[in-house]
Amino acid sequence: MTPVTGDSNYAPSTTTDPTRRLAARAIDVVREYGAGDNRVRALDGLSIDLFASRFTAIMGASGSGKSTFLHCLAGLDQATSGTILLGETDLGRLGETSLTATRRDRIGFVFQDGNLLPHLTAGENIDLSASLAGRRPDRAWRSELVERLGISDRLRHLPAELSGGQRQRVAVARALLGRPDLIAADEPTGALDSASGNSLLELLRSCVEDYGQTVVMVTHDPVAAAVTDEVILLRDGRAAGTLRAPTHDTVLEHVGALAVRPGVTA
Ligand code: ADP
Ligand code: MG
């Protein structure tokens with residue numbers, strides 16, 4: 001990709017800054033699916049640094065490996081080779097029990113489609129991780145979350161009785177309830193109107209500003225990306241550049257170079 005002239009915030013690759021603490025790192029990660037003629041290399045030697053207490057956006061064309069990266073980062077999928085570090089923890093070296101505990105205690109994941117359990121109500125879905133871990137959720141935080149997400153009157157409904165946007169917001173509440181160190185969200189504003197999208201972005205921003213959590217969000221939306229501290233661009237399963245202090249215009253410029261159509265969901 002060609003850097004835009006005079007754009008000092010653009011770096012052609014992710015760079016390590018020793019003065020900032022890393023929340024997570026992907027080092028030379030390869031993820032292949034299938035075999036033989038059907039083999040697909042979703043991640044092709046991807047290296048990314050995610051700084052702690054930062055809001056990072058991941059952008060790239062459909063099929064560039066964004067969801068695969070997020071799943072590997074969160075220990076939901078396993079890299080074919082390479083290393084994923086969560087803080088000091090090498091996810092590839094954890095046994096199934098420790099990996100499950102790490103996912104539950106340190107990571108909040110927002111799936112693109114919500115991924116709610118269909119036979120549980122919205123409220124039960126939100127409390128699920130805490131229930132499984134035998135913990136009582138922080139009631140005040142739970143009330144604030146559902147209030148800010150605008151779903152407090154939907155908590156007794158089953159997922160099938162909710163709109164796509166409401167399901168997405170329930171998934172966000174579920175991911176944020178335990179105040180995990182790392183929040184990974186795959187297109188969390190994809191099904192939201194702009195008002196609920198904005199309040200969700202404000203909520204994610206406040207997780208970073210007020211609680212020092214680390215947020216990584218896949219998005220196609222330049223408006224959402226402009227709320228973050230840094231945009232990492234993916235192309236063909238590799239990091240293709242980093243945009244610091246992104247604005248709507250600089251995002252459009254660089255994302256245009258990756259042939260991403262804003263508003264199109266991958
Ligand atoms: P993005 O989220 O950027 O649109 P993905 O990470 O979903 O991209 O996919 C990257 C590539 O890997 C695509 O070519 C996709 O078809 C392929 N891929 C993703 N998941 C699987 C899977 N489970 N099996 C086979 N191919 C997959
Ligand atoms: Mg995706």
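This is a predicted model, so every value here is computed, not measured. Whatever order the structure lists ligands and atoms in, that order sets their numbers, starting from 1.
Look at Gly34 and you'll find every heavy atom at least 4.0 Å from all atoms of ligand 1. For the ligand labelled ligand 1, residue Gly63 lies inside the 4.0 Å heavy-atom shell.
Residue contacts with ligand 1, taken as heavy atom pairs separated by less than 4.0 Å, involve Val40 solely via side-chain atoms from C-beta onward.
Interface atoms of ligand 1 facing Ser62, defined by a heavy-atom separation under 4.0 Å, are 4 (O). Below 4.0 Å from some heavy atom of Ser64 lie the following atoms of ligand 1, by number and element: 3 (O), 8 (O). Listed by atom number, the atoms of ligand 1 under 4.0 Å from Ala61 heavy atoms are 3 (O).
In this structure a side-chain-to-backbone donor-acceptor pair under 3.5 Å is present from Asp229 to Phe55. In this structure a side-chain-to-backbone donor-acceptor pair under 3.5 Å is present from Gln213 to Pro180. Remark: side-chain polar atoms of Thr121 are paired, donor with acceptor, to backbone N or O of Glu124 under 3.5 angstrom.
Electrostatic pairing of Arg135 and Asp127 does not count as a salt bridge here, judged by no charged N lying under 4.0 Å from a carboxylate O. A salt bridge between Arg103 and Glu96 is present, with a side-chain N of the basic residue lying under 4.0 Å from a carboxylate O of the acidic one.
Residue contacts to the Mg ion (ligand 2): Gln112 brings no N, O or S atom closer than 2.8 Å.
Side-chain atoms of Tyr211 and Leu176, non-hydrogen and from C-beta on, never get closer than 4.5 Å to each other.
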